[in-house]
Structure formats: structure tokens, C-alpha cells
Amino acid sequence: MKVIYNDGHVAECPEEEALHVLRHTAAHIMAQAIKRLFPEADFAFGPATERGFYYDVDLGERKLTDEDLVAIEKEMKKITKENLPIKPFVLDRPEAIKLMEERKEKYKVEHIDDLPEDAVLSFYQQGEYIDMCVGPHLCYTKGVKAFKITQQSGAFWKNDANNKMLTRINGVAFFSQEDLEAYEKEMEEAKARDHRKIGKEMALFMTDDLVGRGLPMFLPKGYTIWQELENYIKDKERLLGYQHVMTPCVGTVNLYKTSGHWDHYKENMFPAMEVEGESFVLRPMNCPHHMMIYAHKPHSYRDLPIRIGEIAHDFRFESSGTLKGIERGRHFCQNDAHLFVTPDQIKAEVSAVCDLIFDVYKDFNITDYRCVLSLRDPADKVKYHQDDEMWDKAENALREVLTDLGIEFTEEIGEAAFYGPKLDVNVKPAVGAEYTLSTCQLDFCLPAKFDLKYRDSDGSEKTPVVLHRAILGSLDRFMAFMIEETKGKFPVWLAPVQVKVLPVSEKFLDYANDVYNALMVAGVRAVLDDRNEKIGYKIREAQSVDRAPYMLVLGAKEVESGNISARNRDTGETETMSLQEFITKITGEIADRK
């Protein structure tokens with residue numbers, strides 16, 4: 001594939017860059033289509049992305065409809081058929097500003113002002129459309145053959161909430177129609193698995209703008225899953241010597257100034273609240289509270305390691321465009337813990353944390369993941385606590401531990417927490433991009449900030465090292481992950497409705513009540529469908545709405561024999577057995593938590 005660079009030369013595009021160039025060209029074609037349809041459009045940024053492309057555009061007071069998006073895509077197809085040559089040219093700064101002012105491109109003019117004085121100001125033209133861009137691009141518009149406009153959303157100019165909200169129009173582009181069709185199939189699968197859709201169908205959680213965006217509320221069935229996850233991880237942690245605590249959802253601003261979060265994380269916090277002359281914030285994380293729990297009494301080296309765990313409510317002011325059901329909200333509950341250790345205990349405790357992570361993944365059959373050693377960016381003097389010696393010590397220590405444990409990992413610069421490096425375990429969900437589920441962070445910084453101490457074996461005072469770790473991440477995100485992995489068909493122990501009791505008709509309701517009561521006494525989450533509906537309808541609803549692992553269909557044969565007919569959700573097979581046999585079977589499955 002030949003491409004044209006901003007100095008005018010044409011060359012074969014490296015294979016690893018070809019898709020990016022194709023999508024970048026598609027962004028320009030989309031902008032040209034938008035300008036033809038909406039001459040008042042003023043363009044900001046329009047890059048290629050990992051999955052497609054977008055353009056941020058100011059359309060004044062106009063709000064685009066679905067029909068507008070269809071019209072833009074149709075106009076793009078027209079432009080590709082016109083096979084317009086794409087030609088670059090370079091201007092000096094005064095000429096570039098003059099050109100953009102003449103074309104009423106105020107965002108481009110502002111962008112020019114932000115660039116260094118020696119920046120090369122290059123432009124690409126296709127037909128009547130001109131865009132400021134470094135390139136490269138395809139040589140002709142016909143090179144973009146398989147594309148689709150996918151959605152629109154809002155985006156602030158320069159990603160700054162103080163600036164104007166622009167319209168972001170997204171699209172995808174591929175080398176072939178077959179690739180595009182494969183993408184569309186993947187998107188259909190993503191739609192079918194979307195935890196927001198399934199959560200609504202199963203009545204697991206809800207949101208309401210009157211409560212607030214990004215503040216999900218768990219309904220009875222959803223909260224049942226949430227509680228099961230809480231009990232599951234707490235049981236595992238107790239066996240490993242964790243002590244669970246409960247701390248407040250607010251803290252003083254001074255608490256977060258002491259920890260350093262106020263300087264490094266303030267933009268992600270809810271605004272401070274002034275009460276009786278003191279400033280409080282909703283907490284975005286729990287480590288400062290746990291530091292104070294450690295500090296409330298003296299400790300000896302004999303006390304360490306101390307493992308403090310909490311299912312903690314946290315609040316972060318995520319931008320509205322990033323909110324996504326319970327996967328990413330402004331309120332969530334972390335499966336958090338802080339381990340206070342001596343330097344000699346780092347390796348054993350990191351090893352135990354890793355063992356716990358992978359033990360949990362085995363229980364949930366999570367196999368597609370990778371480990372990342374997240375390091376600071378030494379050039380970033382704003383994001384990270386400034387202490388080169390501390391960072392070298394912490395990064396080398398964590399790298400050495402992971403290597404000694406035989407854990408395969410890659411390293412990524414700029415992904416560390418502001419106070420220390422971390423091991424991130426990134427999972428690849430059934431659909432969509434990977435994200436971090438579990439983490440273990442090594443921290444020499446916060447213990448010093450809070451002046452934490454323990455008395456060592458020689459009588460001297462030492463500062464402990466802290467491991468921040470989260471196994472399930474947040475219970476909310478983990479639940480979203482499980483919904484999408486299973487399409488709501490949870491394993492028996494986690495299913496909000498484990499058994500649906502379905503009498504064939506009202507004649508068998510007394511027996512159905514007896515079965516239902518016996519299940520409830522045995523600790524099985526059962527629901528009796530006593531409606532006067534056809535049994536086929538009841539079965540379909542139990543499968544599509546409740547997604548119950550077992551359905552007990554009770555008719556004349558079952559009443560006469562005193563047995564039950566258990567229909568398995570996953571296999572579709574029906575097995576007849578005594579009620580006691582079924583109770584023994586299902587309670588065993590619940591106890592196994594597999």
C-alpha cells in the first residue's frame with residue numbers, strides 16, 4: 001500500500017502502520033463529508049485509534065440524529081468513488097494561520113498557537129477539503145473501501161471540562177468488507193453480552209439521573225450476587241490471615257494532603273465539602289484510612305505482616321463520557337487490602353498475593369490474562385512523587401520478586417501509581433479491550449508520609465513497606481465482567497435465582513409449594529412461579545430472564561411419584577429424582593463455589 005508523506009514523497013507503507021494510515025485517511029474523508037452536509041462545521045482533532053477513527057467537531061447548536069450519521073456515511077461513500085487525489089503542502093506560520101482563518105477553522109488556529117515555533121505546519125487537500133495534519137495518508141480517497149460510522153458522543157475541546165463540549169463522531173475502517181463484517185459480528189456479540197442490557201433484563205441494577213449519573217443502585221437480585229462475591233473473597237482472605245475493617249466514606253482534605261492524593265489525584269475527586277470550618281471529601285481510595293488504622297497503636301516486628309482488608313465504598317468523579325454501567329461508575333466498592341510488612345517479607349507476601357489472584361482466577365475459569373509491571377515515567381514531574389532513590393528501590397524490588405517467582409510479565413512505562421510501581425493483571429474479556437482486574441502495588445512512599453513505624457528486633461524504629469492489593473478489583477467491575485463472560489448465566493453458587501419451581505398448572509400448586517419451602521429451608525435460592533400461565537411460557541421466561549441454573553417442572557407424574565423433574569439450564573437435559581437427591585446435588589454445587 002503506497003502512502004504520501006507531508007513532504008510530498010510517496011512510499012510503500014510499513015505493514016504495521018498500514019491500518020492506522022487507512023483509518024487516518026478515513027477520518028479526513030468523514031470530515032469532508034461532514035463539511036459538505038453541514039458547512040458551518042468547525043473541526044478540532046480527528047485521529048485514528050486502535051479500533052477506528054473519530055473527529056471532534058463544533059456544529060453550533062445542531063444536534064446530530066441517527067439519520068444524519070447515515071447521511072454522513074453515504075456522503076463518504078460518494079467521496080471514495082470520486083477517487084480524489086490526496087495532496088500535501090507545507091506553509092509557514094503566518095500563511096497557515098491566514099489559511100485557517102479564511103476557512104473559519106478557529107480550533108485549528110488555536111492548535112497552531114499551541115505548537116512550538118519550529119513546528120512543521122503541513123496540510124493535506126482532497127478536492128475542496130483541506131486539513132492540517134502531519135500525515136501520512138493514502139494517495140487517493142478510493143483506497144478507503146470498507147468503513148462504517150458507529151456512534152456519536154460528547155467530548156470537551158482539549159479534553160478540558162472548562163472548554164466547549166464538541167460532538168465526537170466515531171467510525172471504523174478496514175482493508176476489506178470481510179474484515180468489516182467480522183467487526184460488525186463482534187459488535188453484535190458485544191451488544192448481546194453488554195452487562196447493562198443483561199442487568200436490565202435480569203433486574204440486577206439500575207441508574208436514575210435524579211440520583212446521579214454513574215451512581216448505580218443494586219436491586220435485590222444484583223445485590224445477592226454482590227453479597228456472594230463479598231463472602232467469597234472475604235472467606236479466602238480470612239484463611240490467609242486478613243483482618244477486615246470498616247472505615248468512613250469521607251475524610252478530611254488534610255488526610256489526602258498528607259497522603260499526597262490531593263496533589264496528584266484532586267481532579268478525580270468530588271469537590272470538597274465545608275463543615276464547621278473543616279474541609280471533607282468523598283474518598284476516592286482507602287489507603288489513607290488504613291494507614292491511620294495501622295498508626296493508632298505501636299507495633300513490633302513480631303506483629304508484621306499485618307493484613308488489613310475492606311470491601312470499601314469509594315467515589316471518583318469520572319467524566320460522563322467514560323461512565324459505563326457498573327463497569328465504570330462514580331461510586332464503586334473495592335476489594336481492597338493493605339499489607340504492612342518488613343523489607344524481608346516483601347517477596348513472601350507478594351508471592352501470597354499472586355497465589356491468591358491466580359487461585360481466584362482458577363475458581364472463575366479466567367484464563368485469558370497477562371501480567372504487567374507498571375513503572376513510572378521519570379520525565380513526568382507532575383504525576384509521580386519525586387524521589388528517584390525510592391522509585392529505583394521499589395521498582396527493582398518488585399521486578400526482582402516477580403522474576404524470582406517465575407511470573408511472566410511485560411513492563412509499561414507511565415502506568416504506576418503516583419507512590420509506587422505495581423503488578424497489574426489485565427484480563428481480556430469476551431468482547432472489547434483488555435482492562436486491569438487485579439493489582440498489587442509496592443509502596444515505600446505513603447508509610448513515610450504518615451510516619452508509620454515498627455520496633456525492629458534490635459530495638460530500633462523502622463518504617464514498614466506497604467503492599468496495596470485488590471484481587472477482584474472492584475466488586476462492581478468484577479460483577480460486570482462476570483455478566484458479560486457468562487451472558488448472565490452465572491454458576492449455581494452465584495446465580496441470584498438458583499432454582500425456578502414451575503408447576504404445570506394450578507392443580508399442582510400445593511406440591512410446588514412443598515418443594516419450594518424445602519429448597520428454601522436447605523438454603524437454596526428458589527422462586528416459585530405460581531402464575532396461571534402455560535408451562536412453555538414459564539420455562540422460556542426462566543431461561544431468558546432469570547437464567548436459573550435449574551428449573552423444576554412439576555406435573556401429575558411428579559406429584560404421584562413424589563419426585564421432581566430437574567431441567568438443567570446449560571445442557572437442556574431433564575433428570576427425574578427425589579427432592580432430597582436434588583437438594584443434596586445442588587447444595588453440593590453451591591458449597592463448591594465453582
Side-chain angles (χ1 to χ4, degrees), residues 230-231 233-248 251 255 258-260 285-312 334-360 385 387 389-407 417 419-423 438-472:
E230 177 183 22
N231 294 336
I233 195 63
K234 278 186 172 180
D235 286 348
K236 282 192 171 292
E237 289 172 347
R238 288 188 191 98
L239 290 174
L240 296 172
Y242 285 77
Q243 303 172 73
H244 293 105
V245 300
M246 183 175 71
T247 56
L255 177 68
T258 301
S259 68
M285 67 286 296
N286 321 297
C287 29
H289 291 74
H290 290 186
M291 300 293 158
M292 298 310 299
I293 286 179
Y294 177 92
H296 91 286
K297 69 174 186 178
H299 296 283
S300 160
Y301 72 95
R302 293 188 179 91
D303 302 327
L304 274 56
I306 294 173
R307 308 177 186 93
I308 297 175
E310 182 175 10
I311 303 296
Q334 286 198 76
N335 164 219
D336 206 11
H338 295 89
L339 284 59
F340 298 84
V341 306
T342 68
D344 292 342
Q345 293 169 339
I346 291 174
K347 181 176 180 180
E349 290 302 306
V350 171
S351 177
V353 169
C354 291
D355 286 345
L356 179 55
I357 291 172
F358 301 135
D359 184 43
V360 168
H385 172 70
D387 186 336
E389 183 179 353
M390 181 277 289
W391 277 101
D392 290 343
K393 180 180 179 182
E395 290 180 347
N396 289 334
L398 189 52
R399 182 185 290 110
E400 182 180 338
V401 169
L402 296 177
T403 301
D404 288 349
L405 292 175
I407 295 174
Y419 48 75
K422 55 181 178 168
L423 166 67
S438 308
T439 185
C440 180
Q441 305 167 4
L442 184 59
D443 181 8
F444 290 85
C445 176
L446 262 61
K449 283 179 174 288
F450 282 93
D451 196 29
L452 304 185
K453 300 294 182 184
Y454 67 91
R455 189 161 298 280
D456 207 354
S457 57
D458 60 3
S460 63
E461 282 196 332
K462 299 286 179 63
T463 299
V465 181
V466 169
L467 299 181
H468 306 242
R469 49 106 292 193
I471 307 302
L472 300 182

So, for [X] and [Y], which heavy atoms are closest and what is the spacing to 0.1 Å?
| X | Y | value |
| --- | --- | --- |
| Q345 | L304 | NE2-O, 3.0 Å |
| E230 | I311 | CG-CG1, 3.8 Å |
| P447 | V466 | CG-CG2, 3.4 Å |
| L446 | H468 | CD2-CE1, 4.1 Å |

- Report the C-alpha distance between V350 and L423 in whole Å, list the side-chain angles of each, state the deciding distance to 0.1 Å, and finish with yes or no for side-chain contact (heavy atoms from CB on, under 4.5 Å). CA-CA 10 Å; V350 171; L423 166 67; 5.6 Å; no
- Y294: side chain to side chain donor-acceptor pair (under 3.5 Å) partners, not counting sequence neighbours: none
Nearest-0.5 Å distance, [atom1] of residue [X] to [atom2] of residue [Y]:
| X | Y | atom1 | atom2 | value |
| --- | --- | --- | --- | --- |
| L398 | Q441 | CG | CD | 10.0 Å |
| Y242 | I233 | OH | CD1 | 8.5 Å |
| I346 | L339 | CD1 | CG | 11.5 Å |
| R455 | S460 | CZ | OG | 8.0 Å |
| L240 | D355 | CG | CG | 9.0 Å |
| E395 | L442 | CD | CG | 10.0 Å |

- Message: Pair L255, F450 - check side-chain contact (heavy atoms from CB on, under 4.5 Å), show working.
- Response: CA-CA 10 Å; L255 177 68; F450 282 93; 3.9 Å; yes
- Task: Output all residues satisfying salt bridge (Lys or Arg N to Asp or Glu O under 4.0 Å) with D392, sequence neighbours left out; order by chain, then residue number.
- Result: none
- Message: If the condition is salt bridge (Lys or Arg N to Asp or Glu O under 4.0 Å), which residues does E400 pass it with, not counting sequence neighbours?
- Response: none
Look at the side chain of [X] and the backbone N and O of [Y], then say whether any donor-acceptor pair between them is shorter than 3.5 Å.
| X | Y | value |
| --- | --- | --- |
| N286 | A312 | no |
| H296 | I293 | yes |
| R469 | N335 | yes |
| H299 | K297 | yes |
| D303 | S300 | yes |
| T403 | R399 | yes |

- Task: Please indicate whether K453 has more than 12 foreign heavy atoms, meaning atoms of other residues, nucleotides or ligands, lying under 6.0 Å from its NZ.
- Result: yes
- Message: Suppose we screen for ring-ring contact (aromatic ring centres under 6.0 Å, His included). Which residues come up paired with H244, at least two apart in sequence or across chains?
- Response: none
- Query: What residues form a ring-ring contact (aromatic ring centres under 6.0 Å, His included) with Y301, not counting sequence neighbours?
  - Reply: none
- R307/E349 salt bridge by N-O under 4.0 Å criterion: yes
- Query: Taking the side chain as C-beta and beyond, is there a heavy-atom pair between H290 and V245 under 4.5 Å?
  - Reply: yes
- Query: Do the side chains of H289 and P248 get nearer than 4.5 Å, heavy atoms only?
  - Reply: yes
- Those residues at least two apart in sequence (or on a different chain) that pass side chain to side chain contact (heavy atoms under 4.5 Å, CB included) with P343 are Y454, V465
- Test log, rule side-chain contact (heavy atoms from CB on, under 4.5 Å), inputs D235 and L239: CA-CA 7 Å; D235 286 348; L239 290 174; 5.9 Å; no
- What's the verdict on side-chain contact (heavy atoms from CB on, under 4.5 Å) for M291 and L452, showing C-alpha distance, side-chain angles and the deciding distance? CA-CA 8 Å; M291 300 293 158; L452 304 185; 3.6 Å; yes
